[in-house]
Amino acid sequence: MQFNIHHHDTGSKARIGTIKTDHGDIKTPVFMPVGTAGTVKAIHNKDLKEQVNARIILGNTYHLYLRPGTEILKKVGGLHKFNAWDKPLLTDSGGYQVYSLAHRRKMNEEGVVFQSHIDGSRHKFSPEIVMDIQRAIGGDIIMAFDECTPYPCEYDYAQRSMEMTHRWLTRCCNHFDNTNGLYGYSQSLFPIVQGSTYKDLRIQSAEYIASCDREGNAIGGLSVGEPAEMMYEMTELVCNILPVDKPRYLMGVGTPANILESIALGVDMFDCVMPTRNARNGMIFTSEGILNMRNRKWIDDFSPIDPNGTTFVDSIYSKAYLRHLFAAGEMLGPIIATMHNLGFYLWLVDEAANHIANNTFMDWKNIMVKKLGQRL
RNA sequence: GGGGAGGUUCCAGAGUGGUUAAAUGGGGCAGACUGUAAAUCUGUUGGCUACGCCUUCGGAGGUUCGAAUCCUUCCCUCCCCA
């Protein structure tokens, strides 16, 4: 993997670049659609590529390990083969599930013992095991096994958790460096900064992660319920420490406004379930604001879903029709909304790239941030 | 013609003297959703000059301190047998 920064915005920390992987190039800043169980829900790969302009999608270690399981993934030759996605793939380590499924886990220095949310069976995740699973899945970028702390989080816990995440990272790196990819292309391991909402911990963690000198770095443990200002403060602090010449990945973020603000702080990569999950729940993001397509007010609005939208669904279907689909519980509703939202998210980061290249990013961003959160 | 069941708030459907503006589900309306246990979850759903009042359980009348619940009568549905 290689990262080339093409341009640095003169008015902010925003930059544009290209991550080169064995499955193709990733223009940054980039939004990565989340495909937890080996599928970005409600959309085909063809549409992800041709309509949405997605260049990399996620998969999830915990979910893919439980189903279909590593044996099947090895047998088929990795997730790229299994789900027919031939572009770059990133897998999350299951660290988020340590947080989101906290009530069915037992954690210690060695790792985590989980109870499957599917059948209650017990499974163990350790840094070494998680590296092996991610080798089997075959993501181009794989994530260190960490603990994503909740918010709010006591200082002592945040500190102990961060220190353990650091020790786990050392084990991840050792195991990763002592093993090889299974399918003939290279994989990159990204470490994850933790430290909750405490400045000194974030600084300490960012310095440690930077010292590991991997090919890219991630910021985790944010967007878990803390105020947005706090998230920006932590992101800024950490971005100022993480190396400039390596991609920075802010995990789990976020709203369109969150993404633009974070690009301004020097973040290059984002992923979030928001555009896909909210799409399935009837929410549409546009450059003018947010629409709840279930609302009665759209019942006879026959104008296009989004006149500024870049995917074909934006122009051929009306708001009234999309509202009807959601009202009727028709599956085409979530399908249309998913394509629209992902198309919008990718448009947003690509438009950001254009403005960074033209040194007009900050003015544009400030105007956009005001509009993006509005309810239409 | 004979026998039986029933009419409840938008719908389905509980409730059979007071704690019932009326369970529950659906529908409607609105909200939430940030490295996905999510095509999920939550709230709300008679009216009003509202922390109190008015109108509602097929219609009318009656019993009672009090009726969706009991009585009389009328109207209307559905099922079975001829």
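Below, chain A is the first sequence line, B the second, and so on; all start at residue 1. Source: prediction; values computed, not measured.
Under the Watson-Crick or G-U wobble criterion, with both distances below 3.5 Å, C51(B) is left unpaired in every strand shown. As the counterpart of U42(B), A30(B) is assigned, both hydrogen-bonding distances of the Watson-Crick or G-U wobble pattern falling under 3.5 Å. Of all nucleotides present, only C11(B) satisfies the Watson-Crick or G-U wobble test against G25(B), with each distance under 3.5 Å. If you check A5(B) for Watson-Crick or wobble pairing at under 3.5 angstrom, you find it paired to U77(B).
Within 4.0 Å of Glu330(A), counting heavy atoms only, lies no atom of the nucleic acid at all. Base contact: Ile192(A) has a heavy atom under 4.0 Å from a base atom. Nucleic acid contact class of Arg323(A) (heavy atoms, under 4.0 Å, all strands): sugar-phosphate only. Across all strands shown, Arg67(A) has no heavy atoms under 4.0 Å from either base or sugar-phosphate atoms. Residue Asn60(A) is in sugar-phosphate contact alone, with no base atom involved, counting any heavy-atom pair closer than 4.0 Å across all strands shown. Note on Ser116(A): nothing from the nucleic acid sits closer than 4.0 angstrom, heavy atoms only. When heavy atoms are screened at a 4.0 angstrom cut-off, Arg296(A) is found touching the sugar-phosphate backbone but no base atom. Using a 4.0 Å heavy-atom cutoff across all strands shown, Asn295(A) reaches sugar-phosphate atoms only and no base atom. Counting any heavy atom pair closer than 4.0 Å across all strands shown, Gly221(A) reaches a base atom. Met283(A) comes within 4.0 angstrom of a base, heavy atoms only.
In this entry the base of C70(B) is anti relative to its sugar, with a glycosidic angle more than 90° from 0.
The closest donor-acceptor contact from the side chain of Asp268(A) to the backbone of Pro247(A) lies at 3.5 Å or more, if one exists at all. Of the possible polar contacts, one joining the Trp85(A) side chain to the Pro88(A) backbone as a donor-acceptor pair under 3.5 Å is found. Within the 3.5 Å criterion, the main-chain N or O of Asp140(A) finds no donor-acceptor partner in the side chain of His23(A). Although no hydrogens or angles enter the test, the distance criterion places no donor-acceptor pair under 3.5 Å between the side chain of Tyr96(A) and the main chain of Glu147(A). With hydrogens and angles ignored, the 3.5 Å screen pairs a side-chain donor or acceptor of Asn341(A) with a backbone N or O of Phe285(A). Remark: the backbone N or O of Glu110(A) is paired with a side-chain donor or acceptor of Arg171(A) at under 3.5 angstrom. Judged by distance alone, with hydrogens and angles left aside, the side-chain atoms of Asn108(A) form a donor-acceptor pair with the main-chain N or O of Gly111(A) at under 3.5 Å.
Comparing U34(B), G31(B), U36(B) by their nearest atom to the side chain of Thr255(A) picks out U34(B). Counting only heavy atoms from C-beta on, Ser93(A) has its side chain closest to G35(B) among G35(B), A38(B), U34(B). Checking U40(B), U34(B), A37(B) against the side-chain heavy atoms of Asn281(A) singles out U40(B) as nearest. For Arg280(A), taking side-chain heavy atoms from C-beta onward, the closest of the listed nucleotides A38(B), G35(B), A37(B) is A38(B). Across A38(B), A32(B), G35(B), the shortest atom-to-atom separation from the side chain of Arg375(A) is found for A32(B).
Taking atom C1' on both nucleotides, U40(B) is separated from G6(B) by 39 Å, rounded to a whole Å. A gap of 15 Å separates the P atoms of G62(B) and U69(B), to the nearest Å.
Taking the centre and axis of the six-membered ring of Phe176(A), the NZ or CZ atom of Arg135(A) falls inside the cone set by 45° and 6.0 Å.
Look at CZ on Arg105(A): it is 14 Å from P on A37(B), rounded to the nearest Å. What separates CZ of Phe326(A) from C1' of A30(B) is a distance of 16 Å, to the nearest Å. Residue Tyr62(A) contributes atom OH, which lies 12 Å from atom C1' of U36(B) at whole-angstrom precision.
With contacts defined as side-chain heavy-atom distances shorter than 4.5 Å, the pair Asp301(A)/Arg323(A) does not qualify.
Mapping Met331(A) and Lys297(A) onto RNA chain B by nearest heavy atom places Lys297(A) at the nucleotide closer to the 5' end.
Residue side chain Ser100(A) does not reach the base of U36(B) through any donor-acceptor N/O pair under 3.5 Å, judged by distance alone.
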Summary of protein contacts for nucleotides 41-47 of chain B, nucleotide by nucleotide, where a base hit scores B, a sugar-phosphate-only hit scores S (4.0 Å, heavy atoms):
B------
